There are 2 protein chains.
Amino acid sequence: MTSSSRTPTIKDVAARAAVSASTVSRAFSRPDMVAEAAYQRVMKAAEELGYQPNPLARSLALRRTGNVGLILPDIANPYFTPLVKQVQRRTRALGRSLLVADTDQSDVVENELAEALIPQVDGLIMASPRSHPEALRGFAARVPTVVVGFPVEGVRSVILRTRPQMTETLTRLKHLNHDQVAWLRGPREAAVADERDRFMRSAAEELGISLLEWGPMPIAQESGAAVVDELLESGATAAVAFNDQIAFGLVTELRHRGLGVPGDVSVIGIDDSILSRLCVPALTTIRVPIASGGLEALEALDAVMNLPERRIASLRPVHTVISSEIVDRATVAVRKVQR
Amino acid sequence: MTSSSRTPTIKDVAARAAVSASTVSRAFSRPDMVAEAAYQRVMKAAEELGYQPNPLARSLALRRTGNVGLILPDIANPYFTPLVKQVQRRTRALGRSLLVADTDQSDVVENELAEALIPQVDGLIMASPRSHPEALRGFAARVPTVVVGFPVEGVRSVILRTRPQMTETLTRLKHLNHDQVAWLRGPREAAVADERDRFMRSAAEELGISLLEWGPMPIAQESGAAVVDELLESGATAAVAFNDQIAFGLVTELRHRGLGVPGDVSVIGIDDSILSRLCVPALTTIRVPIASGGLEALEALDAVMNLPERRIASLRPVHTVISSEIVDRATVAVRKVQR
DNA sequence: TTGAAAGCGCTAACAG
DNA sequence: CTGTTAGCGCTTTCAA
């Protein structure tokens, strides 16, 4: 039998091509360092044997894996979906593999996953992490890490800035005569939620808008639907939600009650997830370019991952900023005149 | 300096615990084979050093990686989202890592990805693959593989059966006096699309329903929206769509035109993706338990992956079947009486 | 129960 | 340009 059942190794190829293992190795990684004749023989032998270099052995010897890890709170959340898609595509294009891990929105799980992933990856992308900054710095000290979403002291981050667009949103509402605006807050645990609370409050104050708050509330349509009664009583004529999902729930429930959107109430979401286009009428929202953020993070990692040895902490803690933009669709209108 | 910058290896622990590397290795993998005292010392040393066994080296020695690969057409498609989420969660619970790869619905890419993944995983899950059965058998010969969606000769598969529910759907429509039913077909390339075409045609024939077909059409809301004019002219009073996304587009466009759903037209989707609940009114649909299918596949893999040596082709080509069910929501009603 | 030694498959100096 | 040698970090006989 010529065809052994074992997967062929570099030695098999070497034997068949009558060269040493090193030469085979070189033929694959640095063809220019091997004589044409030898190269041909090696390739032929490899071909015949169906040889494929074992990436594991390669990683061990090289001390780098070529893998990148992506840790995120919820892979099923439409906000993150494009991130995963794009990063996975680009990772592949770079000749690497992507390990994804979903934390189920738990900081405890997040830590476990990071620990598990770190030894198997050359770089780590943490999208909207829930971990303490201190923990994040710990990860970054062990493997090149970049956080996507907000700045973390001492860690490379790609910041998705929404503040100007949130302010602008309130400004526009003001111009449309809305002076009582509802703010549907995000989940208690998320860092972005706090941040957005602050942005909204200070912008409202500056503009002399009275901000009526609900929440904290979990990220779910139901959250948006649940506030409708109170919101209608409150006198608010416009609402901004922590994200599209909550906004979607609000819009749907308002219409279900026979109210007009934007006729009776204007609604604005944040994220520009797929939901905002599915919403009827299409949701006006603030686009947060999470996918671009992920790609940016990946490029940063790729640069250091290509360095000769695996030097830890080689990623300088610079902070890149990507701006959001308002996507004006169909849920905002001038305040209805009293009758 | 006690704290070296290098990540500690098994040797460091061995030295600190004054035992051999073998003992440390055993302490971690087979604690019962090492004396209590030694065990304690090893654990203490490991703790102090912050030692974590290097999974790469482990894989190389063990000749298995502990990783499982998941290849699917489109990670951003809400139909697949729960699959990814559940499989990733369960994978993690099994102490393994998940490598996901998105083929962008291309069979060419699918093949490349499989090639790239195979050497790094102990098992492969191919969800709704586009590859030729021959190619799939090739993968399965190299690494334990299970296909989720439909049967593939010679490969372990988890079949998501929808036929009885499709027939039942038409039966119900018939009872509701619909005798002209529209069928919005899926994309040309997908194997399931053909299958569903056949199911619908034979069921319609049996029931004496006249089936009006549109498509093939891409999986997109627009596809559903685009057929509205023709559909209304055709006299069809009910429509079944290849999937929820197309059905969603249809419902939305119908209502946009001022038509009632289900008052004027009944609509049924397939999949029970998140979209069916987002739809207004909520979409009646056939639930395809893709997530369960993925989990089932994973369990099958896990069993063989735990086998001592990595034996290829160790997965018997049995075919498991998971049944769909009709989820009756709000888009089906009795046929409107002519006036 | 434990250690020494060989090996998993590949890479990287270092001579030649 | 090429072979030899010595690992990468861990597991696993095989003896003791």
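Being a predicted model, the structure only gives us computed values, none of them experimental.
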| field | Whole-Å distance separating the CG atom of B:Leu60 from the P atom of C:dG7 | value | 14 Å
| query | Could you give the CZ-to-C1' distance, from B:Arg63 to C:dG9, as a whole number of Å? | reply | 9 Å
| Quick one: the side chain of A:Ser25 and the base of C:dA12, do they pair up donor-acceptor inside 3.5 Å? | no
| said: At less than 4.0 Å, is any side-chain N or O atom of B:Ser20 found next to OP1 or OP2 of C:dT2? Yes or no. | reply: no
| Below 4.0 angstrom, N of the basic side chain to O of the carboxylate: do B:Glu296 and B:Arg90 qualify? | no
| note | Residues in residues 34-45 of chain A with a heavy atom under 4.0 Å of DNA chain D, by number, are A:Val34, A:Ala35, A:Ala38
| query | Between C:dG9 atom P and A:Leu62 atom CG, what is the distance in whole Å? | reply | 17 Å
| remark: The side chain to side chain contact (heavy atoms under 4.5 Å, CB included) partner of A:Pro129 among A:Leu136, A:Asp107, A:Leu72 is A:Leu136
| task | Please find the earliest and latest nucleotides of DNA chain D, in the 5' to 3' direction, that have an atom within less than 4.0 Å of any heavy atom of chain A. | result | D:dC1 to D:dG9
| request: Indicate yes or no: does A:Asp102 engage B:Arg92 in a salt bridge with an N to O separation below 4.0 Å. | output: no
| task | Round to a whole Å and report the spacing from CD of A:Gln52 to C1' of C:dC10. | result | 15 Å
| request: With heavy atoms under 4.0 Å as the rule, sort A:Val24 into base, sugar-phosphate or nothing. | output: nothing
| said: Is there a side-chain contact (heavy atoms from CB on, under 4.5 Å) between A:Ile10 and A:Ser25? Walk through the geometry before answering. | reply: CA-CA 7 Å; A:Ile10 203 171; A:Ser25 175; 3.8 Å; yes
| query | Reckon A:Phe28 touches a base, only the sugar-phosphate, or nothing at all at heavy-atom distances under 4.0 Å? | reply | nothing
| said: Pick the closest DNA chain C nucleotide for A:Ser29 and for B:Thr23 by heavy atoms, then say which residue is nearer the 5' end. | reply: B:Thr23
| field | Over all atoms of both residues, closest heavy-atom pair of B:Leu83 and B:Ala127 | value | CD1-CB, 4.1 Å
| field | Stepwise side-chain contact (heavy atoms from CB on, under 4.5 Å) test for B:Val42 and B:Phe28 | value | CA-CA 9 Å; B:Val42 168; B:Phe28 278 91; 4.2 Å; yes
| message | I'd like to know if the side chain of A:Asp104 and the backbone of A:Ser106 have a donor-acceptor N/O pair within less than 3.5 Å. | response | no
| Upstream residue (5' side of DNA chain D) when B:Arg30 and B:Ala57 are each assigned their closest nucleotide | B:Ala57
| message | Counting the atoms with a prime plus P, OP1 and OP2 as sugar-phosphate, which does A:Ser22 contact under 4.0 Å by heavy atoms, base, sugar-phosphate, or nothing? | response | base
| task | Report the distance from atom CZ of A:Arg26 to atom P of C:dA13, rounded to the nearest whole Å. | result | 11 Å
| message | Show, in sequence, the C-alpha distance, side-chain angles and deciding distance for A:Lys44 and A:Glu47, and conclude whether the salt bridge (Lys or Arg N to Asp or Glu O under 4.0 Å) test is met. | response | CA-CA 5 Å; A:Lys44 181 154 174 291; A:Glu47 178 70 44; over 6 Å; no
| task | Search all heavy atoms of B:Ser157 against all heavy atoms of B:Phe150 and return the closest pair with its distance. | result | CB-O, 3.5 Å
| Rounded to the Å, how far apart are B:Asp32 CG and C:dT1 P? | 9 Å
